[in-house]
Each structure stands twice: as C-alpha cells, then as structure tokens.
Amino acid sequence: MRKLIAMILMMLLLTGCTDSDVQKRLLVTAIGIGENSISYQAFSPENEIEVYTFQCDSLQEAEEELSLRTGKEVFIGDTELIIFSGNENYEPYLDYLWHSPDIYMGTPVAFSEADPAVLLKTPSDELTGILTVADAKVGLIDLYNDIYSRNCSAKLPLFSPGGEISGEILLKSSLECGIISLYYE
C-alpha cells in the first residue's frame, strides 16, 4: 500500500504543465501584417476570438506590446495563418518569422486587399479552409524558396475584404538591396 501511495505521489510530482502554466500563455492563431500595423488573433479563455492590433515597426516590438497588454507570454507556435496587406518592404517580417524557433514553416501565407485585422475577426481555421478549398495554399517555406532561390518572386493568394479568394498577388525581391515588395500583375 505504501508503495502505491509513493508511486502516486511521484507521478503527481513528475507531471508536466499545470493549468496555471497554460493560462500564462497567449496562443496566437493568426498574424496580420498591414500598412503600419501588426495584428494578432488569439482565443480568450471563453473561447472567443480576440484581435489585438499594434502600431509597431517590427514583429518583435508587437509581440512585446501584446505581452504587456495581456500579461501573458506570447506563443506563436500555434499560428495557422499569416496575412500580409499594404505596400511596403516585407523583408524584416519574413526574416523575423524565418528565424523564429516557434513558427511552423508550413504555415499558410496570404495577402489581403483589406486591413488584416478585419479578416482576423474570422477564425483562422475557417480562413485556411477557404485556402484549401480554393487550392491556393502557399506555405511560409514555399514563399521563401520562391523569393530567395527560384524566381525572386512568389505568388500569394489574395483575400477580398469579404474573406473570399479573389485572385493572386505577386511579391518580388530585389536581392541586391534585400527588399521584398508588392507587384500587381
């Protein structure tokens, strides 16, 4: 009997995460990078979508702001979708995502005609479902391979403001100056 009690106590001591550990993290399910803003989609403890938007110059700065606002450690390893919008240099954002140990390189990437924060009000799994049905999924690794090694350009699916796929958009890189920018075809 004592051995059984001792085994139960040891098993309790050797368990991994506790509820409090999980509640200290904010699980990001989608990231939107717009013209002068960065948005994050996460779920609240009540399982409702929450969208946080920051006027920041980098993903690192936005993640720090998100952590300060929510009081939680930001975890982007569960990100299901990355949406770009606007007309600017995407190199710093792609570089940050590429070097993040948490982000999955197969995460789908898309472009939006509207501010990504608007699209992020829709659950990320519904948006990725739209990409799947339209056979328009482009993973982060595909984007990198196309821009940096194959064509110096990549086509991304284009979301309309209503959340439908309305075509494609072309990102081109200028390797001599490290700029990745948007071109309409």
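Bear in mind the structure is a predicted one, so any value in this text is a computation, not a measurement. When a residue number appears, it is its place in the shown sequence, counting from 1.
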In sequence, state the C-alpha distance, the side-chain angles, and the governing distance for L131 and L127, and then conclude on side chain to side chain contact (heavy atoms under 4.5 Å, CB included).
CA-CA 7 Å; L131 292 171; L127 294 171; over 6 Å; no
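- Hydrophobic clustering of Ile, Leu, Val, Met, Phe, Trp and Tyr side chains at less than 4.5 Å, counting indirect connections, unites L66 with Y96.
- In this structure, T29 OG1 and E50 CD are separated by 10.5 Å, a value rounded to the nearest 0.5 Å.
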Can you list, pair by pair, the side-chain donor-acceptor contacts under 3.5 Å of residues 116-123, counting residues two or more places apart and other chains?
none

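- For F84, the ring-ring contact (aromatic ring centres under 6.0 Å, His included) partners are Y90, not counting sequence neighbours.
- Here OG of S153 is found 8.0 Å from CD1 of I147. Values are rounded to the nearest 0.5 Å.
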Start with the C-alpha distance between V138 and F111, add both sets of side-chain angles, then the distance that settles side chain to side chain contact (heavy atoms under 4.5 Å, CB included), and finish with yes or no.
CA-CA 11 Å; V138 174; F111 204 88; over 6 Å; no
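- Residues passing the side-chain hydrogen bond (donor to acceptor under 3.5 Å, both in side chains) test with E164, sequence neighbours excluded: S160.
- Between S58 and I38 the shortest heavy-atom distance is O-CD1, 3.3 Å.
- The shortest heavy-atom contact between A134 and I165 is CB-CG1, 3.9 Å.
- Legend: side-chain hydrogen bond (donor to acceptor under 3.5 Å, both in side chains) pairs involving residues 99-115, not counting sequence neighbours, sorted by first then second residue: D95-H99, E113-S166.
- When each of T128, D142, T132 is checked for a side-chain hydrogen bond (donor to acceptor under 3.5 Å, both in side chains) with K137, only T132 meets the rule.
- Considering CG of L26 and OH of Y52, their distance stands at 5.5 Å, rounded to 0.5 Å.
- Taken from OG in S67 to NZ in K72, the straight-line distance is 11.0 Å, to the nearest 0.5 Å.
- No donor-acceptor contact under 3.5 angstrom links the side chains of Y93 and E91, judged on distance only.
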Pair up each side-chain donor or acceptor in residues 75-83 with any protein partner under 3.5 Å, not counting sequence neighbours, and list the distances.
unit_1 : atom_1 : unit_2 : atom_2 : d
T79    : OG1    : I76    : O      : 2.7
E80    : OE1    : S124   : OG     : 2.4
E80    : OE1    : D125   : N      : 3.4

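- Counting heavy atoms from C-beta on, the side chains of E168 and P157 never come closer than 4.5 Å.
- Under the 4.5 Å side-chain heavy-atom criterion for ILVMFWY residues, no single connected hydrophobic cluster contains both L59 and V51.
- Distance check: L156 CG to L143 CG gives 5.5 Å after rounding to the nearest 0.5 Å.
- E63 contributes atom CD, which lies 10.0 Å from atom CZ of F54 (distance to the nearest 0.5 angstrom).
- In this structure I141 satisfies the side-chain contact (heavy atoms from CB on, under 4.5 Å) test together with W98, M105, N145, sequence neighbours excluded.
- In this structure the side chain of V28 never reaches within 4.5 angstrom of the side chain of Q41, judged on heavy atoms.
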